[in-house]
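Comments concern the structure below.
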Number of protein chains: 2
Amino acid sequence: MSTHAAGDGPSLPIGPPPVRERADAARNRRRALAAAEALFAERGVHSVTMDDVAAAAGVGKGTLYRRFTDKGGLASALLSERAIALQGEILGGPPPLGPGAPPELRLRAFTTAYLRFQATHLDLVLLSETSTPGARLRKGSYAFWAQHAEMLLRARGVRDPLERAEVLLAGLSAEQVSSWLRDQGRDLEALVEAMGRLADALGSAGT
Amino acid sequence: MSTHAAGDGPSLPIGPPPVRERADAARNRRRALAAAEALFAERGVHSVTMDDVAAAAGVGKGTLYRRFTDKGGLASALLSERAIALQGEILGGPPPLGPGAPPELRLRAFTTAYLRFQATHLDLVLLSETSTPGARLRKGSYAFWAQHAEMLLRARGVRDPLERAEVLLAGLSAEQVSSWLRDQGRDLEALVEAMGRLADALGSAGT
DNA sequence: GACATTAACGGACTCCAGTCCGCTTGGTCA
DNA sequence: TGACCAAGCGGACTGGAGTCCGTTAATGTC
């Protein structure tokens, strides 16, 4: 059924797994990630099967699933390094993304940076968010983004900060971004502007 | 691959199919819908396969797919009667859902009614929105909801009405609603209140 | 260094969504 | 009323995700 969260790769607030990975397990994880990255780049995410990855990595399919739970978990793991970089900038980088700027500016910075992140890694994010219904909301990193946005909205003193944060993230889901960018052919920069304004609106109006 | 829109059942603004359905086709559609409804109710959406539906309907699997495109399309068809009722209330029912009330009240009424709709039919909606990545945004009815919300937001004179409408709907997706109601155990009435306030916020603040 | 423990391995297997294509039949037109 | 043909039918088939479980070999212990 898949509730990855193990295969997701560590999301900053969670940290490394409780017990150290066995040497062969670590080696196979590296092999699998390398093989997946190469195959995805070469043939496109959608036309690569789990058997392909297993074969290319020289690893059994069972091993792949033990490590990454499902295809989406594999994508999450590939994304996690990039996600952690962004999380690091948010936690300790320069303002307005990092601490120091007023919350309305940080919220706008977060929104646009996150949108760019999604757009940059669209195929992988799409896979990781849609492999299973609700996968998006169960990824370890989702908790980070949601908590951050909620914190900023709370600092602005708006009502229902959590709900607003979740709605904002829903609007930045891979599905939505893909629809805008690919199906509707919208321009990314225009979208960045619009979503920045929308973040401002969520961070101000209403009771 | 699936771009249903045929199996969706007519969404008000679209109307009936160009040419009339052949008698046997109509009979098989009725059988399939009846069988699906019964099986879904009896065993739960998730543990019913398309073969099950085909067998119970006394129809070949190919027929099922020809009529409904995929499992999500079958769910959409089952929902469409209910959706059309709601669309009718919006287009011609009493205010504030129907015409006559000021746009901010209509937006709130639409938001809460739509949330209740999603919650009421959660399993079916979940299936219809997640059967394929992006299915939610391609359903015929999505265009209706989005256009309506956009119209109301435009009447309020806010910036980026379409983007705001789409973000609002993303926040009311089956995936999100299911997470709130089932995973987080939130109370529906509290959620209705919160989303009503969020609709107000989207319909007012910001440039 | 032998042994026990137990995590990890891997590939055969199951299950199901969705496709294909040769056959049938309702609707139509002469 | 016959006969033509596109629309419709249906079930065998394919492809791939995810599971199962007997086997293998790292790691810790004495």
Side-chain angles (χ1 to χ4, degrees), chain A residues 1-4 6-7 17-33 35-36 39-40 43-77 126-128 130-133 135, chain B residues 1-4 6-7 17-33 35-36 39-40 43-77 126-128 130-133 135:
Chain A
M1 183 93 284
S2 93
T3 309
H4 10 110
V19 291
R20 242 267 296 289
E21 204 169 42
R22 233 169 70 170
D24 53 344
R27 186 202 58 209
N28 284 337
R29 143 172 291 134
R30 264 178 280 116
R31 282 187 186 172
L33 288 174
L39 286 177
F40 285 165
R43 311 214 303 253
V45 163
H46 201 68
S47 53
V48 174
T49 71
M50 289 299 262
D51 288 274
D52 291 340
V53 176
V59 146
K61 207 176 10 161
T63 304
L64 220 48
Y65 278 96
R66 155 177 289 268
R67 199 65 58 212
F68 301 106
T69 309
D70 61 16
K71 209 178 173 186
L74 181 54
S76 294
L126 202 49
L127 177 55
S128 84
T130 61
S131 63
T132 230
Chain B
M1 183 94 284
S2 90
T3 309
H4 10 110
V19 292
R20 244 267 295 289
E21 204 169 42
R22 232 168 71 171
D24 53 345
R27 186 201 58 210
N28 284 336
R29 143 171 294 135
R30 266 179 279 116
R31 282 187 186 172
L33 288 174
L39 286 177
F40 286 164
R43 310 214 304 252
V45 164
H46 201 67
S47 52
V48 174
T49 71
M50 289 298 262
D51 289 274
D52 291 341
V53 176
V59 146
K61 213 192 339 179
T63 303
L64 220 48
Y65 278 96
R66 156 176 287 266
R67 201 64 58 212
F68 301 105
T69 308
D70 61 15
K71 209 179 172 183
L74 181 54
S76 294
L126 202 49
L127 177 54
S128 85
T130 61
S131 64
T132 229

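Each chain gets a letter, A, B and so on, in the order its sequence line appears, and its residues count up from 1.
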Side-chain donor-acceptor distances from residues 49-60 of chain A under 3.5 Å, at least two apart:
unit_1, atom_1, unit_2, atom_2, d
A/Thr49, OG1, A/Asp51, N, 3.3
A/Thr49, OG1, A/Asp52, N, 3.0
A/Thr49, OG1, A/Asp52, OD1, 3.4
A/Thr49, OG1, A/Asp52, OD2, 3.3
A/Asp51, OD2, A/Lys61, NZ, 3.3
A/Asp52, OD2, A/Arg43, NH2, 2.6
A/Asp52, OD2, A/Thr49, N, 3.0

>> I'd like to know whether B/Leu74 forms a side chain to side chain contact (heavy atoms under 4.5 Å, CB included) with B/Leu33, so could you lay out the CA-CA distance, the side-chain angles of the two residues, the decisive distance to 0.1 Å, and finally the verdict.
In response: CA-CA 8 Å; B/Leu74 181 54; B/Leu33 288 174; 4.1 Å; yes

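Shown here are the side-chain contact (heavy atoms from CB on, under 4.5 Å) partners of A/Arg22, two or more places apart in sequence or in another chain: A/Asp24, A/Ala25. For the side-chain contact (heavy atoms from CB on, under 4.5 Å) test, residues two or more places apart in sequence or in another chain that qualify with B/Ala26 are B/Glu21, B/Arg30. Listed by chain and number, the residues in a side-chain contact (heavy atoms from CB on, under 4.5 Å) with A/Leu127 are A/Phe40, A/Val45, A/Lys71, A/Ala75 (sequence neighbours excluded).
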Pull out every protein N or O sitting under 3.5 Å from an N or O of nucleotides 11-15 of chain D, one pair per line with the distance.
unit_1, atom_1, unit_2, atom_2, d
D/dG11, O6, B/Gly62, N, 3.3

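In this entry the distance linking CZ of A/Arg30 with C1' of C/dA8 reads 15 Å, nearest Å. Rounded to an integer number of Å, the gap from A/Leu64 CG to D/dC20 P is 17 Å. At whole-Å resolution of the value, CG in A/Asp52 and P in D/dG18 are 14 Å apart. If you take CG of A/Leu74 and P of D/dG18, they are 11 Å apart, rounded to a whole angstrom. To the nearest angstrom, P of D/dA6 lies 14 Å from CZ of B/Arg66.
Of the candidates D/dA17, C/dA8, C/dA17, C/dA17 carries the atom nearest the B/Met50 side chain, counting heavy atoms from C-beta on. Side chain of B/Tyr65, nearest nucleotide from D/dA17, D/dG8, C/dG18: C/dG18. For B/Asp70, the listed nucleotide lying nearest its side chain is C/dG18; candidates were D/dC9, C/dG18, C/dA8.
Between C/dC9 and A/Arg67, a contact under 4.0 Å exists linking OP1 or OP2 to a side-chain N or O. For the pair A/Asn28 and C/dA8, the criterion of a side-chain N or O lying under 4.0 Å from OP1 or OP2 is not met.
Note that CG of B/Asn28 is 9.5 Å distant from CG of B/Leu64, once rounded to the nearest 0.5 Å.
Contact between B/Ser128 and B/Ala135 at its shortest, heavy atoms only, is O-CB, 3.7 Å.
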> What does nucleotides 22-30 of chain C look like as a protein-contact string, B for base, S for sugar-phosphate only, - for none, at under 4.0 angstrom between heavy atoms?
Replying inline: ---BSS---

